[in-house]
Amino acid sequence: MTHEYDVVIIGAGGAGLYAALEASKQAKTAVISKLYPIRSHTGAAQGGIGAALGNVEEDKPEWHAFDTVKGGDYLTDQKAACLLADEAVQAVYDLENRGLPFSRTPEGRIDQRRFGGHTRNFGEAPVRRACYAADRTGHMILQTLYQQCIKNKVSFFNEFHAVDVLIEGHKCAGLVVIELATGELHVFKSKAVLFATGGFGRMFGITSNAHANTGDGPALVVRRGVPLEDMEFFQFHPTGIRGMGILITEGVRGEGGILRNNKNERFMEHYAPKLLDLAPRDMIARAIITEIRGGKGIKGDAAIDDYVHLDATHLGRDVIEAKLPEIADFSRTYLGIDPAEKPMPVHPTAHYAMGGIPTDMHGRVFADGEGNLFEGLYAAGECACVSVHGANRLGTNSLVDLIVFGRRAGLHIADFVKKAELSPLSGDATEPAQTIVNRLFNGKNGPQPEELRKTMQDLMMQDVGIYRGGKEMADAVKKLEDLRQEYREVRVKDRNKSFNTNLLEILELGNLLDLAYISATCALNRTEIRGAHAREDYPERDDDNWLKHTLAWLRDDRVEIDYSTVDVSVWEPKPRKY
Ligand SMILES: Cc1cc2nc3c(=O)[nH]c(=O)nc-3n(C[C@H](O)[C@H](O)[C@H](O)COP(=O)(O)OP(=O)(O)OC[C@H]3O[C@@H](n4cnc5c(N)ncnc54)[C@H](O)[C@@H]3O)c2cc1C
């Protein structure tokens, strides 16, 4: 079946829904989502959305922008960071006006709490910048945006799974999608396509990410000649539930929670004397691993299972139940621990992709490092790289990114489609996708996809995780090449067309394998320590050689690397001290 729209948006998380909200005011808009919209991972965001409202203490967008640049270890594009911080303020008020039930101060203003790396006056001390709705901020954002989209008559295609994007030359003409209920392939012809497919934490064994976070968007576009930016930078959040990776929000430390080692020491005093437990995530994740390696972790069941404590007992039951109810629930459910009485066992967990599809500040996708663009192709949210997060994202800055750049992309698209035409499609647009599906259904059973997935996740965890070594990563790249070869022999077991989740999981595994291969190759290539990319064999940041973005293409099934310039036009890069 073929559909025609002005705009097709893939993804119904915060970025996709905000873009849809703006685009649908002027253009015929469809949102395609493999999940029901409010099950998107945005709904799992707990802690907050950063904006310099200055509601509880003095704050300025300029300070927010500086923190974002410094937090990103100066790989952040600085004008984009300034725009993010400036527009964050209005974006939060827009959400409030659309009905988002923020937590309030006694005077009735939006309340704000502390979060890692967010400071007053260019690094002086932590500042209260994170606006929040208890620890259900993302959930509230999704609910608010979804109801507004319904009001605007956006057409939703839920449980439709994008499998191919139609790009000819530098022009995007639409999309090919599988309908889960029937197994049928649909073609969506459109003047503009926006990717808002979220992150890909599932390439790691221990992650805070939902099962659906498999990087479908970046994988589809990279196969069609689009480069991916800064894929070597993947953030580990310091406080995942030990062994499971489920997130304990940084909001706990924002409210005053403290990390402690097996001697009950507040070890962050040694690593970030000023910001302590509210230093940026890359530094805290490394500090935890250093403590554990130095024998100061708390003994787990196996060597890799050692952990540290996140202590919130001194906050008191009232604060915990009012401001962190979800976390208290997680802790009781998954750990059998009441956080008002005992500290929670935590370990870093793979959390956020700083890299992704390269875009300008309107969400338009770059074709190279020279500033050339694809026509009609857009990306926003975690799958995109603007780049405001540089080498390490600050907490609360992803939700801002979704809202600010989702909105900007939606506005630009609405304007673009007024002048654009639908492109004619040459031949049968479904053919490449159909060939892949046919291959997966035909022939003998090959390797088990679960085993390939586990091997990839273990490899990424061990060799392309928090600390990285050249030799180990070279080995990982080689093994990922082999895994991608083996993947070609994988076959679908479930022969049904209807609700064939087996087929979709195999397609998702293929996407993860491609992104893991690209990420590991880029990580091996970058010989320095910067933000979340910590090379043990190159333990210095190297601005002379590496103050540049990586761009990676998949050509003839090999990764090809080029670079683009980092915008450092506002603040001169300095060593990071907290
Ligand atoms: C547990 C957790 C807590 C977090 N807490 C915070 C926080 O407090 N503050 C903060 O700033 N950030 C937080 N983050 C990060 C932030 O939530 C995410 O980066 C952000 O929500 C991603 O939003 P998105 O719109 O890009 O994508 P998502 O919300 O992940 O949505 C992706 C959408 O794409 C669709 N999709 C994907 N692939 C396909 C396909 N092939 N076909 C069709 N549809 C597809 C999905 O159905 C979904 O609708 C948190 C992340 C996690 C995991």
Side-chain angles (χ1 to χ4, degrees), residues 8-20 31-51 88 113 115-116 130-133 135-139 141-142 145-146 156-165 175-180 188 194-202 207-220 235 237 239-241 245-251 254 281 326-327 330 349-354 356-357 379-384 389 393-403 405-406 504 507-508 511:
V8 172
I9 291 169
I10 312 127
L17 290 182
Y18 216 117
V31 172
I32 291 167
S33 176
K34 65 181 181 180
L35 303 171
Y36 271 91
I38 48 176
R39 302 195 61 150
S40 304
H41 192 66
T42 298
Q46 303 162 353
I49 171 164
R113 63 179 163 210
F115 247 78
C131 313
Y132 63 99
D135 52 0
R136 303 188 183 106
T137 314
H139 174 81
I141 289 179
L142 273 190
L145 293 178
Y146 184 49
F156 279 93
F157 292 84
N158 299 329
E159 298 194 330
F160 279 65
H161 192 117
V163 287
D164 196 9
V165 50
L175 204 69
V176 180
V177 175
I178 294 183
E179 180 180 1
L180 181 63
F188 283 80
L194 170 83
F195 278 88
T197 53
F200 35 93
R202 284 280 150 185
T207 175
S208 65
N209 280 204
H211 282 275
N213 289 14
T214 51
D216 303 356
L220 295 193
Q235 175 172 85
H237 192 295
T239 60
I241 291 184
I246 297 170
L247 194 75
I248 301 286
T249 173
E250 192 170 312
R281 291 175 178 170
E326 204 84 343
I327 288 308
F330 283 1
T349 179
H351 185 58
Y352 184 84
M354 267 73 73
I357 307 168
E382 189 171 339
C383 74
H389 309 305
R393 170 175 75 80
L394 292 187
T396 78
N397 267 359
S398 171
L399 293 180
V400 192
D401 176 359
L402 308 182
I403 302 306
F405 290 103
L504 297 186
L507 291 171
E508 289 174 337
N511 296 338

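The first residue in the sequence is number 1, and the count goes up from there. Only heavy atoms go into these numbers, but all of them, side chains included; no hydrogens, no water, no symmetry mates. In listed order, ligands and their atoms are each counted from 1.
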Would you mind checking if Glu508 and Arg202 are paired as a salt bridge, meaning a charged N to carboxylate O distance below 4.0 Å?
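Salt bridge absent between Arg202 and Glu508.
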Would you call Asp216 and Lys34 a salt bridge, using N to O less than 4.0 angstrom?
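Here Asp216 pairs with Lys34 in a salt bridge, since their nearest N and O are under 4.0 Å apart.
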Check Gly47 against Tyr132 and note the closest heavy-atom contact, atom names and distance.
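Closest approach of Gly47 to Tyr132: O-CB, 3.3 Å.
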Kindly tell me which protein residues have any non-hydrogen atom under 4.0 angstrom away from an atom of ligand 1, grouped by chain and ordered by number?
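Heavy-atom contacts below 4.0 Å: Ile10, Gly11, Ala12, Gly13, Gly14, Ala15, Ile32, Ser33, Lys34, Leu35, Ser40, His41, Thr42, Ala44, Ala45, Gln46, Gly47, Gly48, Phe160, His161, Ala162, Ala196, Thr197, Gly198, Ser208, Asn209, Asp216, Leu247, His351, Tyr352, Gly381, Glu382, Arg393, Thr396, Asn397, Ser398, Leu399, Leu402.
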I'd like to know if the side chain of Asn209 reaches the main chain of His351, judged simply by a donor and an acceptor atom lying under 3.5 Å from each other, with no hydrogens or angles considered.
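Checked: pair present.
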Enclosure of Leu180 CG (heavy-atom neighbours >12, cutoff 6.0 Å):
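Yes, enclosed.
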How about Ile403 and Ile141: do any of their side-chain heavy atoms sit closer than 4.5 Å?
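Heavy-atom side-chain distance check passes, below 4.5 Å.
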